[in-house]
Every structure is written in structure tokens, then in C-alpha cells.
Amino acid sequence: MDSSIKIYLSLPVDLDIRDEIAEDIANNIKSYCGQDFPADCTLEYYKPGQLYDPKVVDNCDIFIYTDVEMEWGVKTALLPSGVRKEVRRAMALNKPILYIYENKEEEIKY
């Protein structure tokens, strides 16, 4: 039985802090999973130039996304097309969904 948790980040390609967000989330996962990270938790997100696998949303346990603005609250119709498509797929599959935003202190939260 596979006890690993698969987390997928849906991030706009033109978001300049993509790697920073992934690192922040990975660090938070480490605090929850302990020293077993990354054995028990995997974190994936599309990197430009990488071959895209449309099944990443289907195969994840937790779906996390953001838009370019990273403001509190978002309308899915205004998301970049790739993120919008993945969010709608995650919703259709009833995946746990988290939204990443930046608070007034410019801290990344979700």
C-alpha cells in the first residue's frame, strides 16, 4: 500500500517566484512529514520546457494553485488558461484544493 502524499502545484508560467513558492511549500511539508520527506510526500509543479503530463491533477492527493497577482480571493474565469483548466479538473475530481496568496506583510500563505 502506497502511503505517500502527492501534492501538485498549479502555478502560472509567468509567475516570477514559482521556485520560491515551491520551496516554501516543501519546507512546510517537511515540518508536517518530518524527516520522511520526500519519501512520504512528493511535490510536483510544471517547469517551462518540461514535458507536461495532463494526468498530474488526476494523480495528486492535494491540489494547490495561485494566479499571477496572488491576492486574497480569485475568480477562476480570470486565471491563466493552464491554471484555470487544472483548477476545474481538480474541482471535478473533488480534490482538496488550497489557494496561495500573499498577505499584507508580503508573506506567502495558503
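Not measured: the values here are computed from a predicted model.
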- Item | Residues in side-chain contact (heavy atoms from CB on, under 4.5 Å) contact with K47, at least two apart in sequence or another chain | Y45, Q50

- Message: Looking at every non-hydrogen atom in both residues, tell me the closest pair between P12 and T66 and how far apart they are.
- Response: CD-O, 3.4 Å

- Message: Let me confirm one number: the OG-CZ distance from S10 to R84, rounded to the nearest 0.5 Å.
- Response: 11.0 Å

- Note on the structure: Rounded to the nearest 0.5 angstrom, the CG-OH distance for D53 and Y8 is 9.0 Å

- Note on the structure: Residues passing the side-chain contact (heavy atoms from CB on, under 4.5 Å) test with E20, sequence neighbours excluded, are I17, I108

- Item | L9 CG to I21 CD1 distance, which is reported to the nearest 0.5 Å | 8.0 Å

- Donor-acceptor pair, K95 side chain versus D61 backbone, under 3.5 Å? no

- Just how far is it from atom CG of L98 to atom CD1 of I64, taken to the nearest 0.5 Å? 5.0 Å

- Note, I100 side chain near I25 side chain (heavy atom, < 4.5 Å): yes

- Message: Is any side-chain heavy atom of I97 closer than 4.5 Å to one of M91?
- Response: yes

- Item | Smallest separation among heavy atoms of R18 and L11, with atom names | NH2-O, 3.3 Å

- Query: With sequence neighbours left out, what residues match D58 under salt bridge (charged side-chain N to carboxylate O under 4.0 Å, His left out)?
  - Reply: K55, R89

- Task: Step by step, work out the side chain to side chain contact (heavy atoms under 4.5 Å, CB included) result for E44 and V56.
- Result: CA-CA 8 Å; E44 294 184 37; V56 291; 4.1 Å; yes

- Given side chains that start at C-beta, do those of F63 and I7 come closer than 4.5 Å, heavy atoms only? no

- Message: Just to verify, what does Y65 make a side-chain hydrogen bond (donor to acceptor under 3.5 Å, both in side chains) with, not counting sequence neighbours?
- Response: none

